[in-house]
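Input: a single structure, listed below in structure tokens.
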There are 2 protein chains.
Amino acid sequence: MNTATIIVPSRLDLLAQCSLFHNIAPTILTAVAQTSIQRRYARGNYIFHQSDRANAYYVLLEGNVRMTQLTPEGDQVIVHFFTPGQGVGIIAALGSFNYPLSAEAIDDCLVMVWNRALMMQLMEKYPRLAINAATMLAIRFKDMQDRFRELATERVERRIARTLLRLAKQVGEKNKEGILINMPLSRRDLAEMAGTTLYTVSRTLSQWEKKGLVKTGREQVIICSPHDLVTVAEDLPPSK
Amino acid sequence: MNTATIIVPSRLDLLAQCSLFHNIAPTILTAVAQTSIQRRYARGNYIFHQSDRANAYYVLLEGNVRMTQLTPEGDQVIVHFFTPGQGVGIIAALGSFNYPLSAEAIDDCLVMVWNRALMMQLMEKYPRLAINAATMLAIRFKDMQDRFRELATERVERRIARTLLRLAKQVGEKNKEGILINMPLSRRDLAEMAGTTLYTVSRTLSQWEKKGLVKTGREQVIICSPHDLVTVAEDLPPSK
DNA sequence: AGCCGTCTTTGCGCTGGCACAAAGACAGAT
DNA sequence: ATCTGTCTTTGTGCCAGCGCAAAGACGGCT
């Protein structure tokens with residue numbers, strides 16, 4: 001597994017698009033990339049597990065990753081999805097604690113890996129890296145804050161709508177029927193993201209399907225009328 | 001207001017204790033400090049308001065700051081408290097958006113201020129600054145994640161207990177009666193932090209007071225039996 | 001002292017959405 | 001084809017906690 005990594009030019013381009021490497025000179029980027037290791041994870045495998053010691057820093061090149069957290073009582077909560085170009089495990093690696101959650105590959109994934117201490121050195125040497133990491137964090141933090149407030153003040157239907165819209169933005173794929181959420185997504189997953197139960201999600205989706213807002217299938221949702229869904233998510237629903 | 005700042009040695013010590021300035025050489029620290037401006041805010045004043053353009057970076061030297069967010073519907077949520085030594089407004093300043101929330105001085109406060117662009121330059125020059133900022137963010141992020149999960153999965157009583165314990169850790173002051181939450185703290189404040197209503201908070205505190213867990217007053221809470229409160233927050237309550 | 005505004009408590013009715021149960025649907029394995 | 005496990009739907013009961021209302025308590029101000 002710990003094979004040396006050959007960086008082909010196309011891959012460098014890919015790296016340059018990652019938020020972590022914004023505004024990094026190509027020569028530096030090459031140097032940084034060469035200190036990394038590449039790894040593949042097959043669908044369903046874990047990149048790391050909750051409460052593992054956080055000593056690596058990942059950048060996702062291909063595939064999608066789902067972050068889940070298990071509560072002491074055994075409830076699972078889905079905290080985040082990562083799409084290519086994003087940094088995984090930054091938080092724990094920076095704070096140098098154990099991973100507070102697990103990272104699961106929901107597709108076949110390709111990641112670049114840096115040792116924690118090494119990444120620290122790199123950041124000391126190339127401040128831009130540290131600034132970019134902080135910026136990515138800042139954005140995710142704001143996102144989390146919004147979700148928190150949402151959970152505290154909005155009712156379930158609206159939260160589910162927002163969750164769907166957020167997912168659509170992240171992994172939505174337009175086709176003739178509408179926007180397909182392009183990943184296996186069970187009712188339970190949705191429930192855990194929106195902070196409710198799978199029962200309520202199921203009922204809500206059924207209702208929406210009757211109204212033509214969405215089409216649902218096994219582990220699949222297609223948003224047929226994004227506009228109406230936004231209405232549910234934002235405004236007072238237009239009565240009726 | 002924009003008067004040049006004289007850094008007296010004792011203040012430098014204070015700065016060195018801030019998370020942002022961990023592991024920064026004293027000479028650099030002095031240089032960095034000299035680029036800042038100091039400002040005072042009287043109790044009740046705002047350091048910045050939600051949706052102001054984020055162009056400054058604050059470090060809190062004295063006093064406490066409360067971060068609140070107003071939802072479109074007008075509900076207020078309290079997101080965070082800052083105590084001396086912490087950086088305020090980092091997130092927005094890094095992400096370069098508008099402040100997503102308001103920062104209110106709940107005591108008389110003394111802060112150091114850097115212009116956003118200036119702080120960026122400093123971070124480029126002294127990577128440790130950027131790393132520290134990222135680390136602080138990472139810690140706060142984790143905290144927020146925990147609160148999110150808590151809100152999604154725990155019942156109200158437990159959330160209130162945790163909120164109190166968190167506050168106790170931040171601004172708790174031991175005295176003969178127990179741990180005093182050393183800041184004006186209304187039922188409504190608590191409710192907004194725990195994600196519930198002031199009614200429920202009031203009832204819950206009354207119950208606890210009957211059991212001798214806490215003593216409450218107008219805008220004041222004293223935790224008499226921290227141990228029992230932890231029990232409420234963590235375990236299944238010991239029946240009865 | 002008296003007034004006023006805010007904070008707090010408590011009662012009461014109501015409902016959103018949770019919990020459990022049971023049945024159907026679909027996918028993958030053998 | 002059949003079995004098995006997971007995913008989904010839907011019905012039903014029920015209660016935690018919200019929302020309103022009304023009254024008391026406290027602090028600050030003039």
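Note that this is a predicted model, so its numbers are computed, not measured.
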Rounded to whole angstrom units, what separation is found between the [atom1] atom of [X] and the [atom2] atom of [N]?
X       : N       : atom1 : atom2 : value
Y199(A) : dT6(D)  : OH    : C1'   : 13 Å
E219(B) : dA25(D) : CD    : P     : 18 Å
E192(A) : dC7(D)  : CD    : P     : 10 Å
L198(A) : dT9(D)  : CG    : P     : 9 Å
I160(B) : dG17(D) : CD1   : P     : 9 Å

Gap separating the CG atom of L60(B) from the CG atom of L20(B), nearest 0.5 angstrom |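 L60(B) CG to L20(B) CG: 12.5 Å, rounded to 0.5 Å.
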Atom CD in Q170(A), atom CG in N182(A): separation rounded to 0.5 Å?
->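 If we round to the nearest 0.5 Å, Q170(A):CD and N182(A):CG are 12.5 Å apart.
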Any salt bridge linking [X] with [Y]? Criterion: basic side-chain nitrogen under 4.0 Å from a carboxylate oxygen.
X       : Y       : result
E104(A) : R66(A)  : yes
R162(A) : E157(A) : no
E192(B) : R149(A) : no

Aromatic ring proximity, centroids under 6.0 angstrom, F48(B) and Y58(B) =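 Yes; F48(B) has its ring centre under 6.0 Å from that of Y58(B).
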Answer with yes or no after comparing the ring centroid distance for F148(B) and F148(A) against a 6.0 Å cut-off, counting only values under it.
->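 Ring centres of F148(A) and F148(B) not closer than 6.0 Å.
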Do T216(A) and E209(A) have a side chain donor and acceptor closer than 3.5 Å?
->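 There is such a pair between these side chains.
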Passes side chain to side chain contact (heavy atoms under 4.5 Å, CB included), V88(B) versus V111(B)? Steps please.
-> CA-CA 9 Å; V88(B) 182; V111(B) 298; over 6 Å; no
Across the strands shown, which category fits R218(A) at heavy-atom distances under 4.0 angstrom: base, sugar-phosphate, nothing?
->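 Since a base atom lies under 4.0 Å of R218(A), the category is base.
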Starting at the 5' end of DNA chain D, which residue's closest nucleotide do you reach first, R155(A) or S186(A)?
->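 Its nearest nucleotide lies further toward 5', so the answer is S186(A).
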Go through DNA chain C in 5' to 3' direction and return only the first and the last nucleotide with some atom under 4.0 Å of chain A's heavy atoms.
->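 In short, chain A contacts DNA chain C from dG16(C) to dA27(C).
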Inter-end axis angle, the helix from dA1(C)-dT30(D) to dT30(C)-dA1(D), with every axis fitted to five base pairs (rounded, 10 degrees) |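 Roughly 40°, once rounded to the nearest ten degrees.
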Check DNA chain C against residues 200-209 of chain B and give the residues with a non-hydrogen atom under 4.0 Å, in numerical order.
->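 Heavy-atom contacts with DNA chain C come from S202(B), R203(B), S206(B).
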Validation row: Q50(B), Y99(B) side chains within 4.5 angstrom (heavy atoms) |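 No, their side chains stay 4.5 Å or more apart.
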Closest approach of A92(B) and P100(B), non-hydrogen atoms and distance?
->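 It is CB-CD, 4.1 Å.
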